[in-house]
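Presented below is the structure to which this report refers.
These figures come from a predicted structure and were not determined experimentally. Letters go in sequence order (proteins before strands), and every chain restarts at 1.
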Amino acid sequence: MPELPEVETTRRGLEPHLVGARIAAFDVREARLRWPVPAELVERLVGQRVSAIRRRSKYLLIDVDGGSALVHLGMSGSLRFDAQTDPRRTHDHLQLHLETGLLLRYNDPRRFGCWLWQPAGETHPLLSRLGPEPFSEDFDANRLWRLSRGRQSAVKNFLMDPAIVVGVGNIYASEALFRAGIDPRRAAGRVALARYQRLAEVVRTVLGEAIDQGGTTLRDFLRPQGTPGYFAQSLNVYDRAGAACRRCATPIRRVVLGQRASFYCPQCQR
DNA sequence: CATCGGACCTGTTAGC
DNA sequence: TGCTAACAGGTCCGAT
């Protein structure tokens, strides 16, 4: 489900009620996530006060003394604030009881997400090989151009490679390539520098606009307070196969690249 | 190295 | 109405 804008939206929704709160209890109802939830995580979190919540790529880091909970939402994970009296729902696998009385619940039907422990001062192996954040200075056209030379794989797959740049998932890769006018099937090594210039810009603007809109709610994404995101109404190509291009009215096409559905306008994207 | 396919899971929907 | 197959916002890992 979540790409960078949805994770950032989640982070912003958690921040006001989570930072400064002490964790009174941490219930693991189902430890079988992508990797088993380690017992150490429970020991490390209970009794601690949350000092910050950060995001790196699509991971959330909940900081306490001694380290951080490293949280990934996978395809179907979500975090939600509940009152103590709200009943647990199906797939509510974890719950943090805050001393304020709020309950932070982690729901994840497919269990592709993870909750792990990262000791202070260490970088978890999952984070160690990630490329730059899209809003950082390290992400620019030169990087895209340099790293793509000789690459035969589709530029869409290249853009979704977290070693190149983090946070661009299936929705926003299609959307960015539409805005840049680049055919998603084009070999990454056959995209010129000037076009990567445009791509780097629109990756930032599309992600930024999506964050401003609270993310994209296609089926079930909700913010921690229960409200949907509104970026779905701004999508130009994603999930619009057969519909008219908003720019030229040509029917949007769907193709599969790297086993993922990809959408583009055959007229606007070359 | 780059690239590909399979793996991990459950829920929803389209199609017969 | 019921069954089945395809598909879903991620990404790691092993084989080639």
Side-chain angles (χ1 to χ4, degrees), chain A residues 1-11 29-37 55-60 70-79 89-94 106-116 124-131 144 146-177 184-185 187-190 206-207 210-211 213-223 228-242 254-263:
Chain A
M1 164 175 66
E3 300 186 35
L4 187 149
E6 292 72 41
V7 177
E8 179 59 23
T9 295
T10 298
R11 193 197 69 75
R29 308 297 295 256
E30 173 57 84
R32 295 174 303 167
L33 303 185
R34 174 150 197 185
W35 297 282
V37 178
R55 180 189 59 72
R56 170 72 173 115
S57 183
K58 296 171 191 168
Y59 293 88
L60 291 169
L70 182 63
V71 178
H72 199 291
L73 304 177
M75 287 279 265
S76 59
S78 61
L79 285 157
R89 305 181 202 179
T90 310
H91 307 303
D92 279 350
H93 304 312
L94 310 176
Y106 176 73
N107 187 284
D108 188 357
R110 295 176 75 178
R111 290 191 275 119
F112 286 176
C114 67
W115 279 65
L116 299 169
H124 195 281
L126 289 169
L127 304 183
S128 65
R129 286 184 184 172
L130 293 176
L144 292 175
R146 180 166 40 84
L147 295 178
S148 64
R149 291 311 88 186
R151 286 228 197 177
Q152 299 299 307
S153 58
V155 63
K156 174 170 177 269
N157 299 335
F158 176 71
L159 188 60
M160 290 175 66
D161 181 346
I164 305 303
V165 60
V166 302
V168 185
N170 206 34
I171 294 179
Y172 300 106
S174 279
E175 292 299 313
L177 288 164
R185 301 166 301 173
R190 294 179 148 271
V206 76
L207 293 177
I211 292 169
Q213 298 285 307
T216 298
T217 298
L218 284 179
R219 292 162 190 80
D220 53 10
F221 172 71
L222 296 176
R223 308 186 219 187
Y230 299 104
F231 193 74
Q233 62 197 38
S234 304
L235 297 176
N236 285 302
V237 289
Y238 186 82
D239 213 14
R240 295 194 66 239
R254 177 189 191 276
V255 290
V256 175
L257 298 172
Q259 298 141 256
R260 311 298 299 280
S262 311
F263 302 87

Which side-chain N or O atoms in residues 213-220 of chain A pair as donor and acceptor under 3.5 Å with protein atoms at least two apart or in another chain?
unit_1: A:Thr216; atom_1: OG1; unit_2: A:Tyr172; atom_2: OH; d: 2.6
unit_1: A:Thr217; atom_1: OG1; unit_2: A:Phe221; atom_2: O; d: 2.9
unit_1: A:Thr217; atom_1: OG1; unit_2: A:Gly229; atom_2: N; d: 2.6
unit_1: A:Thr217; atom_1: OG1; unit_2: A:Gly229; atom_2: O; d: 3.3

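Extent of DNA chain C lying under 4.0 Å from chain A heavy atoms, first and last nucleotide in 5' to 3' order, is C:dC7 to C:dC12.
B:dC9 and C:dC3 are spaced 26 Å apart, taking the P atom of each and rounding to whole Å. On the P atoms, C:dG9 is 15 Å away from B:dA14, given to the nearest whole Å.
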Distances under 3.5 Å between protein N/O atoms and the N/O atoms of nucleotides 14-16 of chain B, please, pair by pair.
none

Under-3.5 Å N/O pairs linking protein and nucleotides 9-13 of chain B:
unit_1: B:dC9; atom_1: O3'; unit_2: A:Arg111; atom_2: NH2; d: 3.1
unit_1: B:dC9; atom_1: O2; unit_2: A:Arg110; atom_2: NE; d: 2.8
unit_1: B:dC9; atom_1: N3; unit_2: A:Arg110; atom_2: NH2; d: 3.4
unit_1: B:dT10; atom_1: OP1; unit_2: A:Arg111; atom_2: NH2; d: 3.2
unit_1: B:dT10; atom_1: O4'; unit_2: A:Pro109; atom_2: O; d: 3.3
unit_1: B:dT10; atom_1: O3'; unit_2: A:His91; atom_2: NE2; d: 3.1
unit_1: B:dG11; atom_1: OP1; unit_2: A:His91; atom_2: NE2; d: 2.5

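Atom C1' of nucleotide B:dT3 and atom CG of A:Leu159 are separated by 17 Å, given to the nearest angstrom. Atom NZ in A:Lys156 sits roughly 15 Å away from atom P in B:dT3 (whole-Å rounding).
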What pattern of brackets, bars and dots sums up DNA chain C from 5' to 3', given Watson-Crick or G-U wobble pairs under 3.5 Å, [ ] for crossing pairs and | for another strand? .|||||||.|||||||
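Residue whose closest nucleotide on DNA chain B sits further toward the 5' end, between A:Arg34 and A:Leu147: A:Leu147.
In this structure A:Lys156 satisfies the side-chain contact (heavy atoms from CB on, under 4.5 Å) test together with A:Met160, A:Asn170, A:Ala173, A:Ser174, A:Leu177, A:Pro184, A:Leu257, A:Arg260, A:Ser262, sequence neighbours excluded. Looking at residues two or more places apart in sequence or on another chain, you find a side-chain contact (heavy atoms from CB on, under 4.5 Å) between A:Ala241 and A:Arg254, A:Phe263. The side-chain hydrogen bond (donor to acceptor under 3.5 Å, both in side chains) search around A:Asn157 returns none, not counting sequence neighbours. Among residues two or more places apart in sequence or in another chain, the ring-ring contact (aromatic ring centres under 6.0 Å, His included) test is passed with A:Tyr59 by A:His72. Partners of A:Arg240 under the salt bridge (Lys or Arg N to Asp or Glu O under 4.0 Å) rule, at least two apart in sequence or in another chain, do not exist in this structure. Taking the side-chain contact (heavy atoms from CB on, under 4.5 Å) definition, one finds that A:Asn236 meets it with A:Glu175, A:Phe178, A:Arg179, A:Arg246, sequence neighbours left out.
Listed by first and then second residue, the salt bridge (charged side-chain N to carboxylate O under 4.0 Å, His left out) pairs that reach into residues 107-116 of chain A come to none, sequence neighbours excluded.
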